[in-house]
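Since the structure comes first, as structure tokens, the remarks are kept for the end.
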Amino acid sequence: MRKLLSLLLAIVLVFALSACGKSKTTSNTETITDFGICSAENTNLNINARNPWDIAVIDNFVYTAVGDFDSNCGPTSIWRTNIDDLKWESSGRFEQEAFIRFLNLNDNIIAIGADPMSNSQYAEAYVLRNNKWENFVEIKDALHIFDAEYFNDEYFFGVGYGDNNYPIVKFSPETNEYINVPLYKNGTDVIAALSQNGDIKYKRVYDLFSVDEKLFCAFSCSYNSGKTTIEFFEYKDNKFEFCQALKMSGVQMDKPIKNQILLNADAVINNTCYLSFGNLYTTKDFVKFDKVSIPENACVTDMFVDKTNDSEILYVLASKKVDSVYKNTIYRIENNDLIEVVTFNKDCSALSFAKQGNDFYIGLGGDGLMLQDTGTIIKITVK
């Protein structure tokens, strides 16, 4: 009997020590700071338009890309706050329905304006110079800009066009020329062939990828009959050549998906591209795709490559609805394994994030989530 009591006491002691250790680790490794809703004072934005589709930390400022692609609720500001005073201000107000991405292209910080409000002849992107946003490109006749890449001293833009235009535009700063780039499949001009099909709703290039000194694009075609296809192309000899097609029924397209962007997120590290359609995939050549294991029913909403201390670390943001709240987790990837960095529960999904030092800046919202906390930015310090 005495031995049994001793054994039970030992088990209780082990569990008590274990619980204390877990509690201590959680409380000492993370601090959460609420930055508030970045665009709350802009009455022209509906709740969904307050979604922070992207976040960038630049020169001690946190910038957010907000807006609603479909509701004509602009003009829209690029909101920012100094990380020390937590006071949101407009860093520029533009005739755009939404801003959807911040990109670093050839050491230029670019804000992608997704849909022009008043001058529909031109789609525009802006560059940050001396803390001010200036016009960077004006792509004539384009309805939208979705993504951009810098490749071989030229800028490539994925756009939305009319029926007979190519959905990729190449811009050369030296000549100030805009050139439409064709897509080919089995020797056939894809856009020309599709333009003869009356069932086509729209043709767009939502994403561009520079991987291992090669340039790829994700081309989407939607039909009036409701089906959607996605095809990947590689840039060769001044045109994009077909690589592979994916059936949308074969990949998870979970909410929250980013506003009018086909892929939730993408990132390139160690000559490998990581793609999220909700689930997470890797590819080196856009022909073979490998699935990375993530928690069941979780949705990868953003990725960030931390390029500090002469090394690169890929962080992945995933959200999973559990009962009435969202369980949001930041992971780092090691050998295609997800290592949990921090987990936090909120009423909204974590849509976007950026990192500086030990601080993660995270935007809360969701496509179609009409919640009062939509647009909130938080900082989590992980030590």
Side-chain angles (χ1 to χ4, degrees), residues 33-42 44-45 48-69 73-115 124-137 145-148 150 258-261 265-267 301-308 315 317 330 348 350-365 373-381:
T33 304
D34 190 337
F35 278 36
I37 298 174
C38 58
S39 57
E41 295 180 2
N42 189 339
N44 287 329
L45 294 183
N48 199 46
R50 298 194 315 212
N51 277 323
W53 303 116
D54 203 5
I55 293 178
V57 183
I58 308 162
D59 296 333
N60 222 44
F61 282 92
V62 177
Y63 290 83
T64 60
V66 300
D68 193 308
F69 189 88
C73 58
T76 302
S77 291
I78 300 174
W79 296 91
R80 75 173 187 178
T81 180
N82 189 292
I83 62 175
D84 298 319
D85 64 23
L86 308 187
K87 183 179 179 180
W88 290 102
E89 63 181 10
S90 172
S91 66
R93 187 169 170 82
F94 302 94
E95 293 292 319
Q96 295 286 334
E97 290 189 39
F99 288 91
I100 54 174
R101 278 177 169 160
F102 296 114
L103 302 170
N104 189 335
L105 304 179
N106 192 32
D107 293 328
N108 291 308
I109 305 301
I110 306 297
I112 299 296
D115 196 359
E124 297 174 318
Y126 307 86
V127 60
L128 185 63
R129 294 193 176 111
N130 299 318
N131 289 325
K132 293 183 179 180
W133 295 100
E134 302 175 2
N135 188 278
F136 184 66
V137 293
I145 300 178
F146 300 107
D147 197 14
Y150 183 76
K258 289 200 172 182
N259 190 273
Q260 296 294 328
I261 300 177
D266 60 76
T301 59
D302 204 3
M303 289 180 255
F304 181 83
V305 179
D306 189 14
K307 301 179 181 180
T308 57
Y315 291 91
L317 179 64
I330 296 175
C348 295
L351 259 190
S352 56
F353 77 126
K355 181 178 181 293
Q356 179 173 270
N358 294 323
D359 298 326
F360 291 92
Y361 298 87
I362 302 157
L364 305 177
D373 288 338
T374 293
T376 298
I377 310 297
I378 63 172
K379 178 178 77 172
I380 298 183
T381 301

Set of residues satisfying ring-ring contact (aromatic ring centres under 6.0 Å, His included) with respect to Phe353, sequence neighbours excluded: none

Measuring from atom OG1 of Thr64 to atom CD1 of Ile37, what distance do you get when rounded to the nearest 0.5 angstrom? 11.5 Å

Could you tell me the separation between the CG atom of Asp373 and the SG atom of Cys348, rounded to the nearest 0.5 Å? 5.0 Å

Identify, with sequence neighbours excluded, every residue that meets side chain to side chain donor-acceptor pair (under 3.5 Å) alongside Asp84. Asn60

Output for pair (Ile145 CD1, Ile110 CD1), nearest 0.5 Å, gives 10.0 Å

Does Trp88 reach the side chain of Val62, with side-chain heavy atoms less than 4.5 Å apart? yes

According to side-chain contact (heavy atoms from CB on, under 4.5 Å), who are the partners of Ile58, at least two apart in sequence or on a separate chain? Ala56, Tyr63, Ile109, Leu128

Once salt bridge (Lys or Arg N to Asp or Glu O under 4.0 Å) is applied, what residue pairs with a partner in residues 128-137 remain, sequence neighbours excluded? Arg129-Glu134

Would you check if the side chain of Ser77 reaches a backbone N or O of Arg93 as a donor-acceptor pair within less than 3.5 Å? no

Does Asp359 form a side-chain contact (heavy atoms from CB on, under 4.5 Å) with Ile380? I'd like the steps, not just the answer. CA-CA 6 Å; Asp359 298 326; Ile380 298 183; over 6 Å; no

Taken in chain and number order and not counting sequence neighbours, the residues that satisfy side chain to side chain donor-acceptor pair (under 3.5 Å) with Asn104 are none

Who are the side chain to side chain donor-acceptor pair (under 3.5 Å) partners of Glu89, not counting sequence neighbours? Arg80

Using the ring-ring contact (aromatic ring centres under 6.0 Å, His included) definition, which of the options Phe304, Phe35, Phe61 pairs with Tyr361? Phe35

Going by the rule ring-ring contact (aromatic ring centres under 6.0 Å, His included), which residues pair with Tyr315 if we only count those two or more places apart in sequence or in a different chain? Phe360

Closest non-hydrogen atom pair, Ile362 against Ala350: CG2-CB, 3.7 Å

Spatial distance of atom CG (Asn106) from atom OH (Tyr150) [nearest 0.5 Å]: 4.0 Å

Which is it for Val66 and Thr76 under the side-chain contact (heavy atoms from CB on, under 4.5 Å) test, yes or no, and what are the steps along the way? CA-CA 7 Å; Val66 300; Thr76 302; 3.9 Å; yes

Would a 4.5 Å heavy-atom cut-off, applied to side chains only, mark Lys87 and Asn82 as touching? no

Work out which heavy atom in Ala114 is nearest to a heavy atom in Gln96; give both atom names and the distance. N-OE1, 3.6 Å

When rounded to the nearest 0.5 Å, the distance separating CG of Asn51 from OG of Ser352 is 8.5 Å

Can you give me the closest heavy-atom contact between Trp79 and Ser39, atom names plus distance? NE1-CB, 3.3 Å

Less than 4.5 Å apart, any side-chain heavy atom of Trp53 and any of Leu351? yes

Please report the interatomic distance CD(Glu124) to CG(Asp115), rounded to the nearest 0.5 Å. 11.5 Å

What heavy-atom pair brings Ile55 and Gly363 nearest, and what distance separates the two atoms? CD1-N, 3.2 Å

Closer than 3.5 angstrom, by distance alone: can the side chain of Thr81 be matched with the main-chain N or O of Ile83 as a donor-acceptor pair? no

Any donor and acceptor pair, going by atom type alone, linking the side chain of Thr376 with main-chain N or O of Gly36 inside 3.5 Å? no

Listed by chain and number, what are the side-chain contact (heavy atoms from CB on, under 4.5 Å) partners of Asn358, not counting sequence neighbours? Thr381

Given side chains that start at C-beta, do those of Ile112 and Asp147 come closer than 4.5 Å, heavy atoms only? no

Salt bridge (Lys or Arg N to Asp or Glu O under 4.0 Å) with Asp59: which residues, sequence neighbours excluded? none

Taking only residues two or more places apart in sequence, or in another chain, which ones meet Phe136 in a ring-ring contact (aromatic ring centres under 6.0 Å, His included)? Tyr155

Pairing residues for Ala111 by the side-chain contact (heavy atoms from CB on, under 4.5 Å) criterion, not counting sequence neighbours: Ile78, Phe99, Phe102, Trp133

Let's go through Arg101 and Asp54 carefully: what are the C-alpha distance in whole Å and the side-chain angles of both, what is the deciding distance for salt bridge (Lys or Arg N to Asp or Glu O under 4.0 Å) to 0.1 Å, and is it a yes or a no? CA-CA 5 Å; Arg101 278 177 169 160; Asp54 203 5; over 6 Å; no

Sequence-distant partners of Lys379, salt bridge (Lys or Arg N to Asp or Glu O under 4.0 Å), two or more places apart: none

